[in-house]
2 protein chains.
Amino acid sequence: MEKPQPDIHRILHALGDATRRAIVERLSERPYSVTGLATPLEITVTAVGQHLQVLEESGLVQTEKVGRVRTCRLDAAGFQALEGWIRDLRPAWEQKLDRLGELLEEE
Amino acid sequence: MEKPQPDIHRILHALGDATRRAIVERLSERPYSVTGLATPLEITVTAVGQHLQVLEESGLVQTEKVGRVRTCRLDAAGFQALEGWIRDLRPAWEQKLDRLGELLEEE
DNA sequence: TCGATTGTCAAGTATGAACTTCACTATTCT
DNA sequence: AGAATAGTGAAGTTCATACTTGACAATCGA
């Protein structure tokens, strides 16, 4: 149950779900309780709890239970890992599809 | 069939699938044909074609058919949009969970 | 021109996961 | 103490979507 180091596959899988993205965007505003997240989404707290587990395991969200309330906020770890992934791929996607250059190199 | 402007939800949904991530990572190496992508993944070209449509619609991949071969490469548009999304969220996830500051502000 | 290669289209299957419900525990309030 | 609130856990349902197959079209090589 310790904080696993962020894994890009976990992260992208977590962000692949619309509800989880909604949770993330809500938490980008300010921290919320589980119920505070569930209400506007019109789903049960159980469902939110399940999503939170995925988000937490991917390092995108951090939660802390104090008393009976679990407070959820974004976690930098996952976002930094995601940033790093894109940065590492940059040389690949930044290739200018320069038509001229392409044709010249063709042969 | 025109290039739709990148939408972060499309993008994250596209990257949510493991096979599509595998395609992206393969294309980060160099451009590939549809068959060239399908073979190492051990899935049919039909399946790859379906994934390519999703990736293309999200602006992550660009394809061009020349003769009977469709050549696929990464597309900057989607990655730039993804970068922008993370950048915009930065203030939210960059909040230092400074224990001291937290406790002080509590009341 | 014939066969092999590359990809597309339509239609069907099936599996995973996003939910729900219900029962329960733990905390807070009066 | 009793009632209300916040969340957890197990188990079942259902629906999206990632695949397949099979038939076909277009291109290329011999």
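Proteins come first, then strands; the chains are lettered A, B, ... in the order of their sequence lines, and each starts at number 1. Quick caveat, the model's predicted, so the values are computed rather than measured.
- Comparing H51(A) and G67(A), the nucleotide of DNA chain C nearest to each residue sits closer to the 5' end for H51(A).
- The nearest whole Å value for the distance from the CD1 atom in I43(B) to the P atom in dT21(D) is 12 Å.
- In this structure, CG of L52(B) is placed 14 Å from C1' of dA18(D), rounded to the nearest angstrom.
- In terms of position along DNA chain C, the nucleotide closest to K65(B) lies nearer the 5' end than the nucleotide closest to the other residue of the pair T44(A) and K65(B).
- If you take CD of E42(B) and C1' of dT20(D), they are 15 Å apart, rounded to a whole angstrom.
- Whole-Å rounding puts the L37(A) CG to dA6(D) P distance at 13 Å.
- Regarding contacts with the backbone of dA18(C), a side-chain N or O of R20(A) is found under 4.0 angstrom from either OP1 or OP2.
- Inter-residue side-chain proximity for T63(B) and L55(B) is flagged as unmet; no heavy-atom pair is nearer than 4.5 Å.
- Atom OH of Y32(A) and atom CG of L27(A) lie 8.5 Å apart (nearest 0.5 Å).
- Ion pairing between a basic and an acidic side chain is recognised when a charged N comes within 4.0 Å of a carboxylate O; R10(B) and E57(B) show such pairing.
- Atom C1' of nucleotide dT20(D) and atom CG of L41(B) are separated by 16 Å, given to the nearest angstrom.
- One donor-acceptor pair, N or O on each side, does fall under 3.5 Å between the base of dT27(C) and the side chain of R68(A).
- For Q50(B) against dT20(D), a side-chain-to-base donor-acceptor contact under 3.5 Å is present.
- Computed from coordinates, the D17(B) CG to dT15(C) P distance equals 17 Å when rounded to whole Å.
- When distances are taken from the side chain of H13(B) to each of dT17(D), dT6(C), dT20(D), the shortest belongs to dT17(D).
- For the pair R70(B) and dT8(C), the criterion of a side-chain N or O lying under 4.0 Å from OP1 or OP2 is met.
- Atom CD1 of I23(B) and atom P of dA18(D) are 11 Å apart (whole Å).
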>> Using salt bridge (Lys or Arg N to Asp or Glu O under 4.0 Å), reason through E83(A) and R90(B) one step at a time and then give a plain yes or no.
In response: CA-CA 10 Å; E83(A) 257 194 340; R90(B) 183 190 290 273; 2.4 Å; yes
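- Donor-acceptor pairing under 3.5 Å, judged by distance alone, is present between the side chain of T46(B) and the base of dC9(C).
- The residue from H51(A), Q50(A), E25(A) that alone fulfils the side-chain hydrogen bond (donor to acceptor under 3.5 Å, both in side chains) condition with R20(A) is H51(A).
- Put simply, CD on E56(A) is 13 Å from P on dG7(D), counting in whole angstrom units.
- For V69(B), the side-chain atoms get nearest to dT6(C) when compared with the rest of dT6(C), dA6(D), dC19(C).
- For dC19(D), the OP1/OP2 oxygens have a side-chain nitrogen or oxygen of T19(B) closer than 4.0 Å.
- Among the heavy atoms of the strands lying under 4.0 Å from V45(A) is at least one base atom, whether or not backbone atoms are also near.
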